[in-house]
Student: 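Here it is, the structure, as structure tokens.
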Amino acid sequence: MKELLPEIDRWRANGDRVAIATVVATRRTSPRPVGSKLAVSESGELAGSVSGGCVEGDVYLAAQDVLAGGAPRLITYGITDDMALGIGLSCGGEIDVFVESLE
Amino acid sequence: MSIFEELRGVLDTGGRAVVLTVVSGENVGVKLLVRADGTTVGRGPSDLAALAPAALRRGRSHVIEHDGVTIFADVFAPPPRLFVYGAVDTAESLCRAVKLVGWTSVVADARARFATPERLPSADEILVAWPEEAFAQVQPDAGTAVVVLTHDDKFDLPALKAALESEAFYIGALGSRRNQERRRERLLEAGVPESAFDRIAGPSGLDIGAASSAETALSMLAEMLATRAGRSGGPLRDAKTRIHAGSFAGKK
């Protein structure tokens, strides 16, 4: 979280609201540990990571939806071995990501 | 004050807190921040605060099933800290070992000739102090591992007694089994309850055949990590639980 603060502060200073996605659970192996965070600004900037690239695209869409007034939500992703290989990881796994707006 | 602003303060000051968030069930998104002293910020139901001490002791973020809802306990704490009483050569090896995994270290010894930066180049902090004074200054908490290394009862006994009165997640002592037994009797005489002795890892370390002080330090650090994660420390090949600690063991 600490390493995301400078970006979050910059976005908020520009008047952007911010959504936070957090890895709350992992099963089998996973690229990022529990507690890892991705911050998304209203205007579409990103900081941090929840999976090393596998699922950030979808998390980004969920974050934008939450910022547009959608409910906070828990999303489960299965990281297929193909996806994992695509970003250079040799292990598959499953992660639960919670997406909410930063109040 | 918002939870985010409060959390920023905790992070800036190296404090300890847990943010409890309902992630499934009723009231998804409700949050409560609980500081290490038990005070809270946020609108989350105050009964959640009861979950905080165990979450902070565990020291890593994790999910809790509570009253039919799933709660994410996001634990914010500085990296673990090693406190060594006894500025012997194993102390330097231990400081060097914990630095590799991102911990900080403090070494104390009453003997000023031992507790020097030349002998302990890897220690983040060095105190010349008797055990009682050193423990009062360091104040080991649930994020601290304590190791007592002087081999001299006049230091080891008060140091172990003070360690047992703290919340340290690991308490290690060097010494042969015979020395451990003698120490145990002395501590019992000093009023330490029998039940407290389970907390002392003595002789400290996992059984990996360590010989040099660097190897001994590695064996002790491995035991500290295992204790912190609630693992026994055997080969992963034989392990029944999942390999990485810190999450949802058991749940599919």
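The sequence lines fix the lettering, A, B, ..., with proteins before strands; numbering per chain opens at 1.
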Student: Output the distance between atom CG (B:Leu174) and atom CE (B:Met220), rounded to the nearest 0.5 Å.
Tutor: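 It is 4.5 Å, given to the nearest 0.5 Å.
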Student: What part of A:Ile20 lies closer than 4.5 angstrom to a heavy atom of chain B: side chain, backbone, both or neither?
Tutor: neither
Student: Is B:Thr70 close to B:Val22 at the side-chain level, that is, under 4.5 Å between some pair of heavy atoms?
Tutor: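 No, too far: nothing below the 4.5 Å cut-off.
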Student: At a heavy-atom separation under 4.5 Å, does A:Ser101 approach chain B through its side chain, its backbone, both, or neither?
Tutor: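 For A:Ser101, no heavy atom lies under 4.5 Å from chain B.
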Student: Measure distances from A:Glu100 to the heavy atoms of chain B and classify the residue's part below 4.5 Å as side chain, backbone, both or neither.
Tutor: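 A:Glu100 touches chain B through side-chain heavy atoms alone.
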Student: Please look at B:Phe4 and chain A and tell me whether the side chain, the backbone, both or neither of the residue comes under 4.5 angstrom of a heavy atom of that chain.
Tutor: both
Student: A side-chain contact here means heavy atoms from C-beta on lying under 4.5 Å apart; do A:Arg12 and A:Arg17 qualify?
Tutor: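 No; the side chains remain at least 4.5 Å from each other.
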Student: In Å and rounded to the nearest 0.5 Å, what is the NE2 to CG distance from B:His66 to B:Leu20?
Tutor: 9.5 Å
